[in-house]
Protein chains: 2
Amino acid sequence: MQQKKEIINKLRSSNLRPTKQRILIAKKLFDRKETFHFTAETLNKEINRKGQNKISLATIYNTVEAFKRAGHIREILTNNCKSYYDTNIKSHHHFYDPDSKKLTDIDYQEVIMKKIPNPPKGKKIKDLEVVISLQKK
Amino acid sequence: MQQKKEIINKLRSSNLRPTKQRILIAKKLFDRKETFHFTAETLNKEINRKGQNKISLATIYNTVEAFKRAGHIREILTNNCKSYYDTNIKSHHHFYDPDSKKLTDIDYQEVIMKKIPNPPKGKKIKDLEVVISLQKK
DNA sequence: TCCTAGTTTAGAATAATTATAAACTAGAAA
DNA sequence: TTTCTAGTTTATAATTATTCTAAACTAGGA
Ligand SMILES: [Mn+2]
Ligand SMILES: [Mn+2]
Ligand SMILES: [Zn+2]
Ligand SMILES: [Zn+2]
């Protein structure tokens with residue numbers, strides 16, 4: 001839950017002018033209890049449904065890219081030619097249900113590794129992501 | 001390492017006529033020691049470099065799709081709008097190096113989980129994939 | 001050798017994303 | 001408050017990845 005003031009601060013703090021469009025998109029993304037997994041297309045539909053608001057698709061793309069650069073959202077791994085984003089910027093894992101094509105968050109501490117390989121020399125581990133694919137029982 | 005005969009059998013067994021083009025692509029994909037991670041674009045470059053061979057891009061796409069359906073290759077998760085494929089069809093994990101944008105295989109048994117969450121009701125786990133992102137030390 | 005279903009191909013079509021450049025606006029300064 | 005301008009939005013064009021189309025080709029059984 002984020003008030004308009006908080007949203008404006010969030011934008012200001014990342015050098016993004018709090019325009020009408022960015023505030024509206026930020027509300028849609030961040031003013032919710034659950035993590036939101038979305039694509040440019042789904043976000044555009046959410047925003048521009050019923051002709052209530054009107055934000056151009058170019059602005060949707062620009063804003064998503066700006067929010068990503070600012071670290072307010074992160075891009076997630078998928079297997080189709082469409083970029084997916086996640087409002088949960090903490091390290092965490094996912095269930096993936098191929099039937100609904102939906103991701104569900106798994107808290108980082110819900111997965112504990114007993115053994116992982118050493119990184120190649122000269123490299124260290126930045127992040128570790130687990131995707132658990134599901135199927136009907 | 002796969003002989004031409006083996007490759008032809010592999011194609012026949014999945015109801016794919018062993019055409020000149022498919023044999024050539026299969027050799028490029030499967031006649032190598034290490035796993036090959038590729039996109040339609042990189043495969044096309046490998047095949048059609050120096051005008052030695054000439055296989056149309058449409059055939060590259062058709063063949064990759066056919067090999068995927070037959071289970072000879074698998075598609076892997078990425079974060080950009082380009083399909084990546086893997087000649088290693090066993091369940092396994094990856095290191096991802098954002099600098100070189102290259103994946104490296106990790107054997108399934110190199111990763112052992114101490115704790116994973118229960119799947120949502122009505123669902124069971126089909127697969128579990130780990131991607132370990134790297135950075136410079 | 002003939003026949004035909006399956007395959008390849010160039011090119012068109014589509015889908016996702018990014019670039020362009022003109023109009024608009026937030027907000028600092030006058 | 002008004003002015004000014006860099007930053008932003010927008011329609012639209014361009015680009016990139018992929019899929020479709022339909023004509024030409026070919027593997028391989030009859
Ligand atoms: Mn795909
Ligand atoms: Mn991307
Ligand atoms: Zn998530
Ligand atoms: Zn692999």
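Convention: sequence-line order gives letters A, B, ...; per-chain numbering from 1. Keep in mind the model is a prediction, meaning the values are calculated, not measured.
- Mapping B:Asn62 and B:Pro18 onto DNA chain D by nearest heavy atom places B:Asn62 at the nucleotide closer to the 5' end.
- Rounded to whole angstrom, the span from the CG atom of A:Asn48 across to the P atom of D:dT10 amounts to 9 Å.
- Salt-bridge formation is detected for the pair A:Asp99/B:Lys123: a Lys NZ or Arg NE/NH1/NH2 atom is positioned less than 4.0 Å from an Asp or Glu carboxylate oxygen.
- Atom-to-atom, CD1 of B:Ile8 to C1' of D:dG28 comes out at 13 Å; the value is rounded to the nearest Å.
- Of all non-hydrogen atoms in A:Asp86 and A:His94, the two that sit nearest each other are OD2-NE2, 2.9 Å.
- Rounded to whole angstrom, the span from the CG atom of B:Leu57 across to the P atom of D:dA17 amounts to 10 Å.
- Counting to the nearest Å, the P atom of D:dT10 and the NZ atom of A:Lys54 are 7 Å from each other.
- Under 3.5 Å, the side chains of A:Thr63 and A:Gln21 contain no donor-acceptor pair of N or O atoms.
- Residue B:Arg22 places no side-chain N or O under 4.0 Å from the OP1 or OP2 atom of C:dG6.
- In terms of position along DNA chain D, the nucleotide closest to A:Ile55 lies nearer the 5' end than the nucleotide closest to the other residue of the pair B:Glu41 and A:Ile55.
- Look at CD on B:Glu65: it is 18 Å from P on D:dA17, rounded to the nearest Å.
- A cation-pi arrangement is found for A:Lys10 relative to A:Phe30, the charged atom lying closer than 6.0 Å to the ring centre and inside a 45° cone about the ring normal.
- Distances shown here put every side-chain N or O of A:Tyr61 at or beyond 4.0 Å from the OP1 or OP2 atom of C:dT18.
- Figure legend: A:Arg69 and A:Phe67 shown without cation-pi pairing, the cationic atom not lying both under 6.0 angstrom from the six-membered ring centre and within 45 degrees of its axis.
- Using a 4.0 Å cut-off, some side-chain N or O of B:Thr59 falls inside it from OP1 or OP2 of C:dT9.
- Rounded to an integer number of Å, the gap from B:Tyr84 OH to D:dA17 C1' is 12 Å.
- Rounded to an integer number of Å, the gap from NZ of B:Lys20 to C1' of D:dG28 is 16 Å.
- Listed candidates were D:dT10, C:dA16, C:dT8. Nearest to the side chain of A:Ala58 is D:dT10.
- Among the nucleotides D:dG28, C:dT9, D:dT9, the one closest to any side-chain atom of B:Arg12 is D:dG28.
- One finds no side-chain N or O of A:Arg17 lying less than 4.0 angstrom from the OP1 or OP2 phosphate oxygen of D:dT9.
- For A:Gln21, no side-chain nitrogen or oxygen approaches OP1 or OP2 of C:dT25 to under 4.0 Å.
- When rounded to the nearest whole Å, the span between CG of A:Leu24 and P of C:dA26 equals 14 Å.
- The side chain of A:Ser83 places an N or O atom within less than 4.0 Å of a non-bridging phosphate oxygen (OP1 or OP2) of C:dT17.
- The side chain of B:Thr19 contributes no N or O atom lying less than 4.0 Å from OP1 or OP2 of C:dG6.
- When distances are taken from the side chain of B:Lys82 to each of D:dT10, D:dT18, C:dA26, the shortest belongs to D:dT18.
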